Amino acid sequence: MTVKLFYKDVYLTSFETTIIKKDYDESHRPYVLLNETAFYPTGGGQPHDTGKINDINVLDVVEVEGELRHYVESLPLHENKAFCCINWERRFDHMQQHAGQHILSAAFENTFGYKTISFHLGKDICTIDLEISDIKEIELNQIEAECNAVIRGNKPIMTKWITEEELSEYTLRKKLSVREHIRLVIIPDFDYNGCGGTHPKSTGEVSSLKIISWEKHKSHIRIQFVCGNRVLGLLHDKNKVIMVLTSKLNAPQEKMIEAADRLLENNKELHSKIEELTSQLIQYEAKSLSLEGQHINGVKLISTIYNHRSIKELQNIAREIVAKENDHIVILISDNQDKLQLVIARSEDVNLNLQLLLNEVLPAINGKGGGKPSFVQGGGDKLLTAAELLQRFVNVITN
Ligand SMILES: [Zn+2]
C-alpha cells in the first residue's frame with residue numbers, strides 16, 4: 001500500500017520516491033503507483049491534487065481497490081525514480097475551503113442545532129446542505145461572524161488516529177462512515193469530526209469565510225460560501241462589476257439600485273410610448289392604403305408588398321382596414337430575403353373563403369398557413385417573386 005505522506009505532513013509539496021507500477025486502466029488511461037505519495041486522491045468531498053511526476057502532468061488521483069492511482073498524461077518510461085511536486089495553490093485552496101466547511105458546519109450545529117447533511121467543494125464556490133427547511137438572514141449573519149471569530153482566534157486544527165473502542169471518549173458532530181482507520185479532525189472546544197481530508201494546522205490559515213447566498217434545495221437549505229483566497233477573488237470580481245456600473249449608471253454604489261430602478265421605469269415608459277406610436281402608425285398606414293386599390297367583381301382589392309415587416313404588423317394593418325370598410329379584400333405580402341410572408345383579410349360581408357384561396361396558391365412556394373375563412377396568414381420559400389405571388393392570388397379571386 002502506498003504511504004500517504006499528506007497525513008504525515010500536509011504542507012509537503014515535493015518529494016522523491018519510487019514508481020512501483022505503471023499500467024493502463026480499463027479505459028486505457030495511463031497511471032502509476034508510487035511507493036509513497038503527497039498527492040491527495042478525490043475523497044471525503046475534497047477534490048484530488050494535481051501536479052507533476054518527472055515533469056509529466058498528473059491529471060487525476062483516485063483510490064481504486066486499495067491502489068492509489070496517479071493518472072498521468074503519459075507513462076514515464078524507463079524510470080523507476082519519481083520526482084514529484086504537487087500544485088500547492090490548488091491544494092492549499094482545498095485545505096482552506098475544507099477547514100472552513102468544518103468551522104461553518106460546527107457553528108451552525110453548536111449555535112442553532114442545524115445539522116449538515118452534505119458538503120460540496122466546487123471549483124468556484126462551496127456548499128453545505130443543512131437539515132432544516134428555512135433560515136433567517138439574521139441567523140446567517142450571526143454564523144458568519146462566529147466563523148470569522150473562530151478563524152481570527154487561530155485555534156489549532158489537530159488530527160488524531162483512533163480505534164473504534166476509543167470513539168466513546170469523543171462526541172462527534174456527524175456519524176462516521178468508516179469503522180477502521182478512524183481519523184479525527186479536532187478544533188479544541190469547538191469541533192470533533194471524523195475526516196480523511198487535508199486541513200491547515202490552524203484556523204487562522206483559513207483567513208476568512210463569507211456566506212454568499214442560500215436557497216431551498218429539495219426539503220433542505222443549501223448555503224453557498226467561500227473561504228480564504230476565494231473571498232478576495234470574489235471581492236475583486238464584484239468590485240470590478242461595481243466600478244463598471246458606477247460609470248455606466250453614473251451613480252455610486254449606494255445609489256446604484258435607485259439608478260437601476262429609474263432606468264427600468266424609464267424603459268417601461270418608452271416601451272409603452274413605442275406601442276402607442278406603432279398603433280397610430282398602423283392606423284395611418286391602413287387609412288392611406290384604403291384610399292388605393294382596384295374594384296373587381298364588386299369588391300375592392302387592396303394589395304401591397306413590403307420588405308421585412310413582421311407578420312404581426314401585417315395582421316394589424318389588415319385588421320384595421322377590414323374592420324372599418326365594407327366590400328374589401330386586403331392582401332399584404334412581406335419580402336424577407338429568402339422567405340415570403342403574407343396576410344389576407346376580407347370584410348365580413350364579402351363572400352370568399354380565404355382558407356381555400358390560401359390552400360390553392362401556397363403550394364407554389366412550398367408554403368404553410370392557416371386561419372379562418374375571413375382572415376388567414378402564411379409563408380413559404382421565395383420560389384416566386386412577391387409580385388408573382390400576389391398576381392396568383394388576384395387571378396384566383398378574379399376567376
Ligand atoms: Zn475535513
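For clarity, every value in this text was computed on a predicted model and none was experimentally measured. Counting starts at 1 for both ligands and their atoms, following the listed order.
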Residues forming a ring pair (Phe, Tyr, Trp, His ring centres under 6.0 Å) with F393, sequence neighbours excluded: none
For K382, the option from D338, D335, N366 that meets side chain to side chain donor-acceptor pair (under 3.5 Å): D335
Under the ring pair (Phe, Tyr, Trp, His ring centres under 6.0 Å) test, residues paired with F225 that sit two or more places apart: none
Side-chain touch S290/I302, heavy atoms, less than 4.5 angstrom: yes
If only protein N, O or S atoms under 2.8 Å count, total around the Zn ion (ligand 1): 4
Listing, residues 204-213 side-chain donor-acceptor contacts under 3.5 Å, not counting sequence neighbours, or none:
from: E205; atom 1: OE1; to: Y11; atom 2: OH; distance (Å): 3.0
from: E205; atom 1: OE2; to: Y11; atom 2: OH; distance (Å): 2.8
from: E205; atom 1: OE2; to: K201; atom 2: NZ; distance (Å): 3.0
from: K210; atom 1: NZ; to: E144; atom 2: OE1; distance (Å): 3.2
from: K210; atom 1: NZ; to: E144; atom 2: OE2; distance (Å): 3.3
from: S213; atom 1: OG; to: Q224; atom 2: OE1; distance (Å): 2.7

Within 45° cone of Y192 ring axis and under 6.0 Å: R173 NZ or CZ: no
